[in-house]
Trainee: 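Once you've had a glance at the structure underneath, I'll fire off some questions.
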Amino acid sequence: AAAILWIHGLGDTGDGWKGAFSRVSKYVPTVRFVHPTAPEQPVTCQGGCRMTSWFDITNWNPATGGIDLKEPDTPAGLDDSVTFVHEQLEILENQG
């Protein structure tokens, strides 16, 4: 058995991606698609607004391009998200 653990972007949800793979899943019916949703937390680059985010982002302005090089290497929440992903992968492995 195979699975794809799809991690969404800032402010999005796993449910928002469920239908995105319907065409692909027809060709790989034995593959399980898993779409978790990040926790809601304050995001610095969005003025501290609470939104779904796998970790805090401090220096990002979508109008000017990518994430700033001044972004911390270990932003708040990153370790928790890595742990969550590892747990999800372990669950998937145990399910076969």
Side-chain angles (χ1 to χ4, degrees):
I4 294 174
L5 182 66
W6 185 262
I7 305 299
H8 65 78
L10 179 64
D12 208 346
T13 66
D15 286 341
W17 283 92
K18 285 185 179 176
F21 297 96
S22 59
R23 288 179 50 189
V24 173
S25 64
K26 291 177 187 176
Y27 296 101
V28 287
T30 60
V31 175
R32 183 171 168 210
F33 291 86
V34 180
H35 311 278
T37 296
E40 282 194 14
Q41 56 191 339
V43 178
T44 303
C45 71
Q46 297 295 320
C49 289
R50 294 184 63 81
M51 59 183 54
T52 55
S53 177
W54 296 106
F55 51 86
D56 190 25
I57 301 171
T58 59
N59 298 300
W60 178 51
N61 180 346
T64 60
I67 292 177
D68 193 293
L69 293 175
K70 296 175 187 169
E71 191 68 32
D73 287 336
T74 54
L78 180 62
D79 290 339
D80 291 339
S81 291
V82 169
T83 298
F84 173 80
V85 168
H86 286 188
E87 290 170 350
Q88 295 302 302
L89 292 172
E90 186 174 337
I91 290 167
L92 291 168
E93 286 177 355
N94 291 336
Q95 291 174 345

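Every value quoted in this text rests on a predicted model; they were computed, and no experiment measured them. We're numbering straight along the sequence, starting at 1.
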Trainee: Asp15: what forms a salt bridge (Lys or Arg N to Asp or Glu O under 4.0 Å) with it, not counting sequence neighbours?
Mentor: Lys18
Trainee: If you link ILVMFWY side chains whenever their heavy atoms are less than 4.5 Å apart, which other residues fall into the same cluster as Phe21? By chain and number, please.
Mentor: Ile4, Trp6, Trp17, Val24, Val28, Val31, Phe33
Trainee: List for me each residue that meets side-chain hydrogen bond (donor to acceptor under 3.5 Å, both in side chains) alongside Ser25, sequence neighbours excluded, and say none if there are none.
Mentor: none
Trainee: Going by the rule side-chain hydrogen bond (donor to acceptor under 3.5 Å, both in side chains), which residues pair with Thr37 if we only count those two or more places apart in sequence or in a different chain?
Mentor: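 Residues passing side-chain hydrogen bond (donor to acceptor under 3.5 Å, both in side chains) with Thr37: none at all.
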Trainee: Do you know the tightest heavy-atom contact between Pro42 and Gly48?
Mentor: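 Closest approach of Pro42 to Gly48: CB-O, 3.5 Å.
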Trainee: Return each pair, listed once, that meets side-chain hydrogen bond (donor to acceptor under 3.5 Å, both in side chains) where at least one residue sits in residues 77-94; pairs must be two or more places apart or across chains.
Mentor: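 Qualifying pairs, neighbours excluded: none.
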Trainee: With sequence neighbours excluded, what pairs up with Pro75 under the side-chain contact (heavy atoms from CB on, under 4.5 Å) test?
Mentor: Phe55, Leu78
Trainee: Suppose we screen for side-chain contact (heavy atoms from CB on, under 4.5 Å). Which residues come up paired with Gln95, at least two apart in sequence or across chains?
Mentor: Arg32, Ile91, Leu92
Trainee: Taking the side chain as every heavy atom from C-beta outward, state whether Cys49 and Val43 have any atom pair closer than 4.5 Å.
Mentor: no
Trainee: Can you pull out every side-chain hydrogen bond (donor to acceptor under 3.5 Å, both in side chains) where at least one residue sits in residues 43-56? Sequence neighbours excluded, please.
Mentor: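 Sorted pair list: Thr44-Asp56.
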